[in-house]
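All residue numbers refer to positions in the sequence shown, counting from 1.
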Amino acid sequence: MSTTNNHEPPMPSRSIPSLPRAIHVLGWSGVVPFALALSAALLRPDWRDAATAAFVAYGAVILSFLGGARWGRGMGAGCGSARCVEAVLPSLLAFAALLLIHWPWPALMLLATGFLIWLLLDLRDPLWSPAYKRMRLEISIVVLALHAAWLAV
């Protein structure tokens with residue numbers, strides 16, 4: 001005779017709760033301008049200079065945005081000065097990349113380095129949820145791949 005009760009509630013899932021669909025859509029929509037600029041440069045060589053400037057400028061905006069998100073999350077949690085430095089540096093790197101906009105290779109390398117550093121900081125950050133970290137990793141891999149593709153062109 002079995003002692004298993006077939007009327008017990010199922011065990012709770014241990015999977016990571018997901019973010020709302022709108023957050024995913026908005027997060028992934030941030031990849032579109034990178035992809036469009038790269039596509040424009042590949043498909044229309046006469047647009048390459050403008051597409052490069054758009055790619056670098058948009059990358060600077062997004063890197064600054066990541067710093068702002070880090071700042072806001074840290075302020076809400078009452079974090080210290082190290083987090084504030086980590087939040088401000090992306091904007092400074094982004095500004096440096098904008099100053100190098102006419103030299104695409106160093107500008108793109110600077111932005112890619114910034115995206116990688118702040119991805120690693122966010123992945124180890126206890127304030128971000130596992131679901132956010134997973135989305136952040138996936139999007140960042142694509143963004144870094146687009147930077148690598150641009151540098152290879």
Colleague: What pairs meet the ring-ring contact (aromatic ring centres under 6.0 Å, His included) rule with one or both residues in residues 20-60, with sequence neighbours excluded?
Modeller: F34-F55, F34-Y58, F34-H147, F55-H147, F55-W150

Colleague: Give, for atom CG of L19 and atom OH of Y132, the distance between the pair rounded to the nearest 0.5 Å.
Modeller: 9.5 Å

Colleague: To the nearest 0.5 Å, how far apart are CZ in R48 and CG in L38?
Modeller: 9.0 Å

Colleague: For the residue pair S64 and P90, what are the closest heavy atoms and their distance?
Modeller: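 In this case the closest contact between S64 and P90 is OG-O, 4.4 Å.
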
Colleague: Linking Ile, Leu, Val, Met, Phe, Trp and Tyr by side-chain heavy atoms under 4.5 Å, what else ends up with L99?
Modeller: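 Joined to L99, directly or through intermediates: F95.
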
Colleague: Answer yes or no: is there an ion pair linking R70 with D122, defined by an N-O contact shorter than 4.0 Å?
Modeller: yes

Colleague: Give, for atom CH2 of W71 and atom OG of S91, the distance between the pair rounded to the nearest 0.5 Å.
Modeller: 10.0 Å

Colleague: Decide side-chain contact (heavy atoms from CB on, under 4.5 Å) for L111 and V56; before the verdict, give the C-alpha distance in whole Å, the side-chain angles of both, and the deciding distance to 0.1 Å.
Modeller: CA-CA 8 Å; L111 289 170; V56 170; 4.1 Å; yes

Colleague: Is there any side-chain hydrogen bond (donor to acceptor under 3.5 Å, both in side chains) pair reaching into residues 75-84, and which pairs are they, with sequence neighbours excluded?
Modeller: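 Sorted result for residues 75-84: R83-D125.
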
Colleague: Determine whether L137 and K133 satisfy the following criterion, side-chain contact (heavy atoms from CB on, under 4.5 Å), listing intermediate values before the conclusion.
Modeller: CA-CA 6 Å; L137 175 64; K133 289 178 184 182; over 6 Å; no

Colleague: Could you state the interatomic distance from CG (L119) to CG (L66), rounded to the nearest 0.5 Å?
Modeller: 9.0 Å

Colleague: What verdict does the side-chain contact (heavy atoms from CB on, under 4.5 Å) test give for C84 and M75, after you've listed the backbone C-alpha separation in whole Å, the side-chain angles of each residue and the deciding distance to 0.1 Å?
Modeller: CA-CA 8 Å; C84 292; M75 291 296 105; 3.3 Å; yes

Colleague: Could you check whether E86 pairs with R73 (Lys NZ or Arg NE/NH1/NH2 to Asp/Glu carboxylate O, under 4.0 Å)?
Modeller: no

Colleague: Between W105 and L100, is the side-chain contact (heavy atoms from CB on, under 4.5 Å) condition met? List the steps.
Modeller: CA-CA 9 Å; W105 203 88; L100 297 170; over 6 Å; no

